[in-house]
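The structure appears below as structure tokens.
The residues of the chain are indexed from 1 along the displayed sequence.
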Amino acid sequence: NAVIRLLPANAKLAEVNFGEVGVVVVGVRLSSLNDYNALLSNIGAASAAPNFLFSAIAEKNLTRDRLGTYLASLELKIKK
């Protein structure tokens, strides 16, 4: 639920990976760079909240497919 709240309205969660202890890697499909900017804005606003679930968020990469949609990969470190 904490990850879903970070997504802008037009974004779709493409993948979730719990492969590393304490870290969640998510892929987010975005239709435009405006949605990417909204995602970054949502992350900034959410991370300021005292009860935010994650201690750090890293943007691993951003790629564009041949159809023009974007895939953002984020690494979220869970607070201990």
Query - Single-linkage hydrophobic cluster, 4.5 Å side-chain cutoff, L53 and L40 together - result: yes
Requested in this report: Quick one: do L33 and L62 satisfy side-chain contact (heavy atoms from CB on, under 4.5 Å)? Show the steps, please.
Outcome: CA-CA 10 Å; L33 289 176; L62 177 67; 4.1 Å; yes
**Report entry** Atom pair NZ/OG1 of K12 and T69 - distance to nearest 0.5 Å
**Finding:**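 Interatomic distance, K12 NZ to T69 OG1, rounded to 0.5 Å: 9.5 Å.
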Query - I78 CD1 to S55 OG distance, which is reported to the nearest 0.5 Å - result: 9.0 Å
Query raised in the report: Which pair of heavy atoms, one from K79 and one from P50, lies closest together, and at what distance?
Result: NZ-O, 3.6 Å
Requested in this report: Given side-chain contact (heavy atoms from CB on, under 4.5 Å), test L13 with I4 step by step and report yes or no.
Outcome: CA-CA 8 Å; L13 192 59; I4 298 298; 3.9 Å; yes
Sub-4.5 Å side-chain heavy-atom contact between [X] and [Y]:
X: F54; Y: E75; result: no
X: D65; Y: L71; result: no
X: K60; Y: V25; result: yes
X: T63; Y: S73; result: no
X: V26; Y: L76; result: yes

Report task. Taking S41 for its side chain and N37 for its backbone only, find out whether a donor-acceptor pair lies under 3.5 Å. Result -> no
Query raised in the report: Yes or no on side-chain contact (heavy atoms from CB on, under 4.5 Å) for F52 and R5, after CA distance, side-chain angles and deciding distance?
Result: CA-CA 11 Å; F52 190 55; R5 281 185 264 152; over 6 Å; no
Query raised in the report: Checking side chain to side chain contact (heavy atoms under 4.5 Å, CB included) against L74, which of V24, L39, L6 comes through?
Result: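 By the side chain to side chain contact (heavy atoms under 4.5 Å, CB included) criterion, L74 pairs with just one of V24, L39, L6: L39.
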